[in-house]
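Predicted model only: the values in this text are computed from it and were never measured. Keep in mind that the numbers below use all heavy atoms, side chains included, and drop hydrogens, waters and symmetry copies.
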Amino acid sequence: MADIPLMKAVTDRKRERYANIIPRWIFHRNIQILLDALTAAIAMIHAYALRFDFQIPPKMQLSMWTWLCVGVFLRPSTLLLTRGYRSTWRFFDVRDGLYLALRSLPVTIALLLVRWLVSGVPVVPYSVLILELGIFLVFASTLRITRRLAHEAIYRPSYRPRALIIGSETTLATAVNHLHSCKEAQVIGLVSEDERLIGIQIAGRPVLGSPESLPSLMAIHRIEVVVLSGANLNCAAQVIRDATDFDIQVRILPSGNDLMQGKVRVSRTVSIDQLALKNSEAISETHPAVATCFGARTVLVTGAGGSIGSEIARQVSALNVDRIVVLDHDENSIFELMNQLGSQNGKEIIPVVGNIRDHETVRRTFDRYRPDIGLHAAAYKHVPVMEGNCCEAVLNNVLGTHVLADAAIEFDCKRLVMISTDKAVRPSSVMGATKRIAEMLIQHRASESNGDCHRTHFACVRFGNVLGSRGSVVPIFLRQISAGGPVTITHEEMTRYFMTIPQAVQLVLQAATLASCGDIYLLDMGDPVKIIDFAKNIIRLAGLTPGKDIDIKVVGTRPGEKLHEQLWKEDALVAATQFRGVFQVKAIPVRTDFPQLLTELERAARIRQSNAAIQELLRRLPIDYLATGSEPAPLAIAN
């Protein structure tokens with residue numbers, strides 16, 4: 001790579017030299033007409049020479065010069081009249097050669113007819129006229145090909161990265177021709193999903209292997225860029241991950257079929273499936289226990305207009321439930337969700353616009369529809385925003401959960417599952433602290449069932465960062481990439497756990513089936529991922545190079561943020577469940593003064609006390625509320 005400037009200088013000197021040797025006026029249309037006239041003359045002479053074994057009889061020489069003059073006039077004239085000179089010679093290809101033959105054929109047919117029908121014309125063998133056509137086409141095509149090769153030699157880029165093209169049999173040839181035409185890459189070879197193609201050549205390039213052999217091919221052939229030919233390759237996600245491991249750029253070259261069917265648009269898109277971590281497993285079919293638990297039930301989903309709540313509604317609608325009650329304070333979100341769900345196999349879908357903090361609205365909803373299962377996804381979740389709106393965080397995340405839990409008990413709801421966050425473990429933010437208090441509230445209500453106060457089963461589900469949810473890093477990064485960068489991260493060492501929305505919702509449904517007494521459930525999310533590495537991966541998936549096409553800027557941690565998150569505390573009792581990859585954190589007894597402290601916190605939020613006052617009350621609660629930056633090292637789930 002260090003020799004690139006020298007290579008460029010040498011190439012520039014070659015361009016100047018060839019440009020001086022081959023002046024541009026040679027390729028003017030009038031010159032092209034003269035060249036074709038000269039070619040027609042040479043073709044007629046060679047046709048006579050071949051016909052008479054290079055010993056043309058004297059009586060035929062006069063005939064040759066006569067027919068030569070006719071050909072010199074007719075050949076370029078016919079091409080001119082049929083617009084043959086409107087195609088540029090420097091991009092001459094097979095299609096242009098076919099058009100040249102079709103435009104030249106009428107002249108030969110006319111000459112043959114004149115030779116046959118008109119008496120008194122100079123005698124010429126029929127074979128000479130046929131030979132002249134073939135020789136003219138060869139020489140004329142050679143002229144045009146020479147022009148193309150000269151153009152490519154003069155204007156070839158000084159440096160072309162070594163490329164591999166990955167695609168199907170129908171897209172590889174087109175991709176090779178396209179890259180050869182644009183001259184921006186040196187195609188070393190091809191990779192095909194069809195193993196039957198391995199070892200053969202397509203458009204002059206060998207098929208070197210399958211996508212599984214891509215890592216070794218990239219190393220052996222010193223590949224610098226990988227081109228995906230087509231927008232719907234099954235191996236695309238794996239190819240991107242392998243190329244990322246080698247720090248190799250990935251480019252997507254859509255096929256014509258992709259463009260016409262609308263599979264490719266003028267935008268940079270990254271699918272969530274491509275962002276899923278290597279140890280993330282695809283969502284399997286519905287577990288029989290989940291189908292049994294939800295069968296013939298009425299399900300209430302709070303926060304149904306959000307990204308997680310709407311996915312819960314979609315997955316629940318696919319189960320054999322009687323009806324679904326979707327509740328959210330945003331009517332537009334509910335309207336969009338209703339349009340998405342439509343009529344789900346005759347299931348009744350009931351929209352409710354209301355706030356979970358409104359005691360009367362929640363009671364009226366429970367009283368009217370009598371839900372058997374409640375899935376509580378409504379919450380304020382943005383850490384920096386909630387740092388400046390502590391009262392709202394308490395009222396929504398704590399009081400809203402309190403109202404729902406009381407209604408579930410009062411109206412004999414069989415199960416209530418609250419969605420929590422890994423930020424609730426030793427929280428350093430107001431949002432995390434309110435979610436931890438909500439967890440303890442659920443645990444406290446569950447403990448009351450031990451004394452047969454009620455029959456509601458309570459549980460919590462703890463998530464890491466959910467890919468693709470509103471406000472998550474993925475949409476933010478993509479907007480920054482679309483704007484040309486920079487991509488902003490808060491700290492180079494910051495790590496987070498990640499999961500997809502379908503995985504998160506699957507966990508919610510599975511947790512609802514377990515006979516819980518306020519326990520917390522979480523998914524095996526593997527090891528935490530550095531945000532800076534995650535940002536680089538998204539940039540590469542968008543077909544760009546981190547630090548070259550898109551810069552990454554560190555802007556500093558925001559209020560309430562921790563560098564690392566935990567899934568549980570060190571002294572927590574963690575056990576496996578009947579669901580693979582789902583773990584149970586056993587609930588610990590809630591302190592006796594918790595209800596009193598909770599009441600005091602809710603009262604302070606209702607009367608809108610200051611942020612400092614709310615934070616002081618949070619410190620008094622037994623939730624290990626920490627100052628930002630004093631958190632312990634992260635823990636990962638061990639399989």
Side-chain angles (χ1 to χ4, degrees), residues 277 280 302-303 306-309 311-312 374-383 397-398 401 405 415-429 431-446 457-467 469 472 495-514 516-529 562 564-577 579-588 590 623-626 631-632 634-639:
L277 304 181
S280 297
T302 70
S307 50
I308 295 177
E311 177 65 18
I312 291 176
L375 303 175
H376 176 30
Y380 287 150
K381 62 181 182 179
H382 296 293
V383 171
N397 295 352
V398 178
T401 303
R415 303 172 188 271
L416 181 64
V417 179
M418 186 203 83
I419 294 177
S420 186
T421 170
D422 55 1
K423 295 175 177 60
V425 182
R426 286 199 171 91
S428 63
S429 64
M431 190 281 284
T434 56
K435 296 300 284 185
R436 177 57 188 145
I437 294 171
E439 287 182 354
M440 295 181 68
L441 171 63
I442 292 294
Q443 292 171 354
H444 178 65
R445 285 290 184 265
H457 291 288
F458 289 93
C460 299
V461 179
R462 228 175 243 170
F463 291 163
N465 285 36
V466 180
L467 295 175
S469 63
S472 68
T495 61
R496 289 294 183 267
Y497 293 95
F498 287 101
M499 64 194 309
T500 64
I501 292 178
Q503 287 175 320
V505 171
Q506 186 185 54
L507 172 59
V508 173
L509 303 185
Q510 292 176 349
T513 68
L514 300 171
S516 172
C517 187
D519 296 329
I520 298 171
Y521 297 96
L522 45 88
L523 180 68
D524 180 0
M525 292 179 285
D527 295 325
V529 177
K562 294 191 291 186
H564 311 290
E565 300 289 0
Q566 291 179 258
L567 298 175
W568 61 74
K569 292 171 61 176
E570 291 85 347
D571 58 352
L573 299 176
V574 183
T577 66
F579 300 105
R580 180 184 177 185
V582 178
F583 294 86
Q584 178 188 43
V585 179
K586 199 67 179 175
I588 59 176
V590 178
I623 58 174
D624 296 325
Y625 181 43
L626 301 173
E631 74 282 357
L635 295 177
I637 298 178
N639 287 315

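Heavy atoms only, all atoms of each residue included: T302 and A377 are closest at OG1-N, 3.0 Å. For Y625 against S428, the heavy-atom pair with the smallest separation is CE1-C, 3.9 Å. The minimum heavy-atom distance linking G432 with P427 is given by the pair C-CB, 3.5 Å. Across every non-hydrogen atom of V590 and H444, the tightest pair is CG2-N, 4.1 Å. Residues A438 and N397 come closest through the heavy atom pair CB-O, 3.6 Å. Minimum heavy-atom separation, A378 to G303: CB-N, 3.5 Å.
The side-chain heavy atoms of I520 and Q443, taken from C-beta on, include a pair separated by under 4.5 Å. The side-chain heavy atoms of T421 and M431, taken from C-beta on, include a pair separated by under 4.5 Å. Between I312 and I419 there is a side-chain heavy-atom pair separated by less than 4.5 Å. Residues I623 and M440 meet the side-chain proximity criterion, which asks for heavy atoms closer than 4.5 Å.
For the salt bridge (Lys or Arg N to Asp or Glu O under 4.0 Å) test, residues two or more places apart in sequence or in another chain that qualify with E439 are R436, R462. The ring-ring contact (aromatic ring centres under 6.0 Å, His included) search around Y380 returns none, not counting sequence neighbours.
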Show, in sequence, the C-alpha distance, side-chain angles and deciding distance for L375 and L509, and conclude whether the side chain to side chain contact (heavy atoms under 4.5 Å, CB included) test is met. CA-CA 9 Å; L375 303 175; L509 303 185; 3.9 Å; yes
Any chance you could lay out the side chain to side chain contact (heavy atoms under 4.5 Å, CB included) test for F579 and T513, step after step, and finish with the verdict? CA-CA 10 Å; F579 300 105; T513 68; 3.2 Å; yes
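No donor-acceptor pair under 3.5 Å is formed between the side chain of T577 and the backbone N or O of Q584.
Atoms NE2 and CG, on H376 and L416 in that order, are 7.5 Å from each other to the nearest 0.5 Å.
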